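Below is one structure, written out as structure tokens; comments come after it.
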Amino acid sequence: MTHLTEREQVQAHLARSYQPAAVSADESLQRERIKTLLKAHNATLVAHYYTEDSLQALAEETGGCVADSLEMARFGAASPSSTLVVAGVRFMGETAKMLSPDKRVLMPTLEATCSLDIGCPAPEFSAFCDAHPDRTVVVYANTSAEVKARADWVVTSAIAEDVVAHLHARGERIIWAPDKHLGRFVQSRTGADMLMWEGACIVHEEFKARGIEDMLRVYPQAAVLVHPESPQAVVDLADVAGSTSQLINAARKMTQDTLIVATDRGIFYKMQQAVPDKLLIEAPTGGNGATCRSCAHCPWMAMNSLDKLELCLEEGLGAIEVDDAIRRRALVGLERMLTFRNSL
Ligand code: 13P
Ligand code: SF4
């Protein structure tokens with residue numbers, strides 16, 4: 001077995017700068033078939049930044065949107081289409097359905113979940129809230145409909161800091177769930193009193209400060225962009241920490257022409273469009289002893305594919321349903337977030 005030195009590992013990783021995927025003739029044909037299906041079903045495709053390039057391209061070319069989880073929710077609710085097709089993970093489909101109960105909401109796969117959602121089961125979370133009845137319950141959008149139904153506020157990473165700062169200014173003490181890293185980040189920015197649920201994102205938790213420091217020795221002029229679901233030591237190295245859309249905006253504004261990016265590599269499709277002349281490099285994940293799960297790509301986002309999208313439209317598969325009583329309760333926190341967003 002060949003052992004690479006640390007420097008060789010860094011050099012090998014540097015080859016992983018973003019390269020747009022080539023589109024084959026078969027894929028072009030498939031995209032055309034899907035466009036026809038979207039039209040025939042009066043459907044709009046809404047895709048998250050972490051889905052594969054082909055899905056993001058298709059959403060753009062068909063008048064849908066490629067966005068962060070907050071904008072996906074806003075766009076879907078405002079869309080006049082009778083069907084929304086959500087390429088992302090399950091909580092995004094559920095959120096779309098809760099905001100647009102009269103629309104049909106389909107997902108290419110219903111298996112695509114999120115480690116934050118899995119790590120915050122509704123019964124345990126509800127008991128946790130019951131034990132602290134004096135606290136305002138703020139949950140991240142990456143949760144089930146049932147957990148949202150227990151919340152006073154729902155937030156995404158794009159708006160979490162603003163909402164918590166607002167609640168803190170009103171003297172409210174907070175229960176925060178489920179992402180402990182994002183919670184700690186928001187707490188450090190706002191000084192709010194936050195009791196944390198101990199969840200984490202399996203993708204962002206893999207980013208390593210040591211690997212980024214090694215990379216900065218090779219690219220000392222580079223800026224570091226970090227999603228705040230990453231560990232504290234990684235956020236500490238960031239020139240900018242923020243949600244997916246905030247990172248894309250930051251990439252545009254930064255003067256540096258090399259960017260080391262600690263979030264799911266799916267973001268490079270839109271980020272490279274925003275900064276065509278900049279070099280985008282994946283932040284290192286596993287470092288020494290890296291495993292195949294250390295790859296800066298969400299395994300659940302990766303379950304979305306053109307094949308599954310085509311099948312879901314052809315057969316009407318992957319319909320999202322949410323119990324009406326749960327939907328009504330979850331809407332309270334969701335609508336608060338959207339109203340708050342509009343007031344900013
Ligand atoms: P955004 O809210 O920034 O889109 O992030 C969602 C997510 O799942 C991050 O891992
Ligand atoms: Fe969940 Fe992390 Fe995947 Fe985002 S990247 S959907 S937080 S597991």
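Whatever order the structure lists them in is the order used to number ligands and atoms, beginning at 1. Remember, predicted model here, so these are calculated numbers, not experimental data.
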Run the numbers for me: atoms of ligand 1, each under 4.0 Å from some heavy atom of Asn142, listed by number.
7 (C), 8 (O)

Nearest-neighbour protein heavy atom for atom 5 (O) of ligand 1, which is reported as residue plus atom name and distance
His227 NE2, 3.6 Å

Side-chain touch Ile248/Tyr49, heavy atoms, less than 4.5 angstrom
yes

Count, waters excluded, of protein N, O or S atoms under 2.8 Å from atom 1 (Fe) of ligand 2
1

Ignoring angles and geometry beyond distance, decide whether Asp68 reaches within less than 3.5 Å of ligand 1 through its nitrogen or oxygen atoms.
no

Side chain to side chain donor-acceptor pair (under 3.5 Å), that's the test. Do Thr136 and Glu172 meet it? Break it down for me.
CA-CA 7 Å; Thr136 303; Glu172 296 181 36; 2.6 Å; yes

Using the salt bridge (Lys or Arg N to Asp or Glu O under 4.0 Å) rule, take Glu213 and Arg217 through it: C-alpha gap first, then chi angles, then the decisive distance, then the call.
CA-CA 6 Å; Glu213 282 162 352; Arg217 277 192 275 279; 5.4 Å; no

Quick check on Tyr50 - does any of its heavy atoms sit under 4.0 Å from an atom of ligand 1?
yes

Write out the residue and atom name of the closest protein heavy atom to atom 10 (O) of ligand 1, then the distance separating them to 0.1 Å.
Glu229 OE1, 2.8 Å

If you scan protein heavy atoms around atom 2 (O) of ligand 1, the nearest is Ser69 OG, 2.6 Å

One thing to verify: whether Glu32 and Lys35 come together as a salt bridge, which I'm taking to mean a side-chain N less than 4.0 angstrom from a carboxylate O.
yes

Is the closest heavy-atom distance from Met301 to ligand 1 below 4.0 Å?
no

What residues form a salt bridge (charged side-chain N to carboxylate O under 4.0 Å, His left out) with Arg329, not counting sequence neighbours?
none

Going by the angle between their ring planes, with limits at 30° and 60°, are Trp153 and His166 parallel, tilted or perpendicular?
perpendicular

Give me the one residue out of Leu167, Val137, Thr190, Leu195 that meets side-chain contact (heavy atoms from CB on, under 4.5 Å) with Ile174.
Leu167

Taking distance alone, with N or O pairs closer than 3.5 Å, would you say Thr244 contacts ligand 1?
yes

Any donor-acceptor pair under 3.5 Å from His41 side chain to Ala43 backbone
no

With a cutoff of 4.0 Å, is His204 in contact with ligand 1, counting heavy atoms of the residue only?
yes

Which label fits Trp197 and Phe125: parallel for a plane angle under 30°, tilted from 30 to 60°, or perpendicular past 60°?
perpendicular

Identify whether the distance between the nearest side-chain nitrogen and carboxylate oxygen of Arg341 and Asp162 falls below 4.0 Å.
no

Numbered atoms and elements of ligand 1 in range of Ser243, under 4.0 angstrom, heavy atoms:
3 (O)

Close side-chain approach of Tyr140 and Cys120, heavy atoms under 4.5 Å
no

Could you check Arg328 against Asp324 for salt bridge (Lys or Arg N to Asp or Glu O under 4.0 Å), going step by step and ending with a plain yes or no?
CA-CA 6 Å; Arg328 282 172 206 277; Asp324 202 49; 2.7 Å; yes

Considering the heavy atoms of Ser157, write down every atom of ligand 1 situated less than 4.0 Å from one of them.
1 (P), 2 (O), 3 (O)

Answer with yes or no whether His48 contacts ligand 1, where contact means a heavy atom under 4.0 Å from a ligand atom.
yes

Please determine if Thr156 has a nitrogen or oxygen closer than 3.5 Å to a nitrogen or oxygen of ligand 1.
no

